[in-house]
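Note that ligands are numbered from 1 as they come in the structure, with each ligand's atoms numbered from 1 the same way.
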Amino acid sequence: MRKNIVAGNWKSNKTLTQALALAEEVKTLASQITTEAEIILGATSLYLLPIKKVLGEGSKVKISAQNTSAYGQGAFTGEISADQLASAEIPYVILGHSERRTLFGETDDIIQVKVKQALNAGLLPIFCCGEPFEIRQAGTQNDLVKIQVETALFGLSDEEMRKVVIAYEPVWAIGTGLTASAQQAQDMHAFIRSLIAIKFGKETAHEISILYGGSVKSSNAAEIFGMPDVDGGLIGGASLVADEFINIVKCA
Ligand code: 13P
């Protein structure tokens, strides 16, 4: 059975003290609710180990890095390799976020390498895809997302594919207050699942969690998460406030 997941992407927000306080608050609030959903906090890599300590052994709140290197260990100043993250027992890594694509020049080919590096190291990738506004305006969003998904994921084995979480994040909805309608999200998620089914088979496609991201709030999460192919969300701004984030978790 596929999992519902609500992952916070804190991006480059919060000082260390603030991040630890937020993690503590999320942990406390998460312990007060009953949910089957996996809860993940995606923080700055530097903060992940102290956050893990705050969350404690066996916590139901998991952590994620927001990027990894396309290279292994070696002379790559400033990079954090996938096996280094894995050695610190960080379970998840967000890859291919639109901010990495647009601000840091990550191409589909680079993301493909990172996904592979992550899986080889034993990390679980949260692979992001999604179209910019002009593409949505032109109505060619499926063509673009197809290329993103095919390039990054179609070289994987079936076993590897089942470890990947996909996050559909239309770029025009990220941090803008505009959300895709629940139907727009459902249409794209069903399309992505159909691509996975064609390549890896229906059973694998059925197992994959596909998250929606882009201005998700507690006021719109229930409707979006209620769609049959939406298995939770990747949450930016709203994940920076613990009770708002947990109210979103409750919708999954
Ligand atoms: P917002 O929820 O702030 O729109 O950000 C979405 C996002 O980029 C999550 O990765």
*Would D187 and Q183 count as having a side-chain donor-acceptor pair, cut-off 3.5 Å?*
yes
*Validation row: W10, L41 side chains within 4.5 angstrom (heavy atoms)*: yes
*asked:* Which of the numbered atoms in ligand 1 are under 4.0 angstrom from any heavy atom belonging to L234?
replied: 9 (C), 10 (O)
*Has G213 got any heavy atom lying under 4.0 angstrom from an atom of ligand 1?*
no
*Mind checking whether G177 has a heavy atom under 4.0 Å from ligand 1?*
no
*Scan side-chain atoms only and decide if E36 and N4 contain a donor-acceptor pair under the 3.5 Å cut-off.*
no
*May I ask you to list the atoms of ligand 1 that are less than 4.0 angstrom from any heavy atom of G175?*
1 (P), 3 (O), 4 (O)
*Number the atoms of ligand 1 from 1 as they appear, then name those within less than 4.0 Å of a heavy atom of S215, with their elements.*
1 (P), 2 (O), 4 (O)
*Establish, from distance only, whether the side-chain atoms of E131 and Y168 form a donor-acceptor pair under 3.5 Å.*
yes
_Atoms of ligand 1, numbered as shown, that sit under 4.0 Å from any heavy atom of G237_ = 1 (P), 2 (O), 3 (O)
*Nearest protein heavy-atom contact for atom 7 (C) of ligand 1: which residue, which atom, what distance?*
E169 OE2, 3.2 Å
*Is it the side chain (CB and beyond), the backbone, both or neither of N9 that lies under 4.0 Å from ligand 1, heavy atoms counted?*
side chain
*asked:* Please check whether G214 reaches ligand 1 - meaning an N/O of the residue sits under 3.5 Å from an N/O of the ligand, judged on distance alone.
replied: no
*Close-contact set for ligand 1 against A173 heavy atoms, below 4.0 Å*: 4 (O)
_Separation between NZ of K60 and CD1 of I39, rounded to the nearest 0.5 Å_ = 5.5 Å
*Closer than 4.0 angstrom: is that true for some heavy atom of K217 and an atom of ligand 1?*
no
_Parallel, tilted or perpendicular: which one describes the rings of F76 and Y71, with boundaries at 30° and 60°?_
parallel
*Using heavy atoms and a threshold below 4.0 Å, how should the contact between A238 and ligand 1 be classified: side chain, backbone, both, or neither?*
neither
_For atom 2 (O) of ligand 1, the protein heavy atom that lies nearest, with its residue and separation_ = G236 N, 2.9 Å
*Could you verify whether a donor N or O on one side chain and an acceptor N or O on the other, from E169 and H97, lie under 3.5 Å apart?*
yes
*Side chains of S81 and Q73: donor-acceptor distance under 3.5 Å anywhere?*
no
*With sequence neighbours left out, what residues match D158 under salt bridge (charged side-chain N to carboxylate O under 4.0 Å, His left out)?*
R162
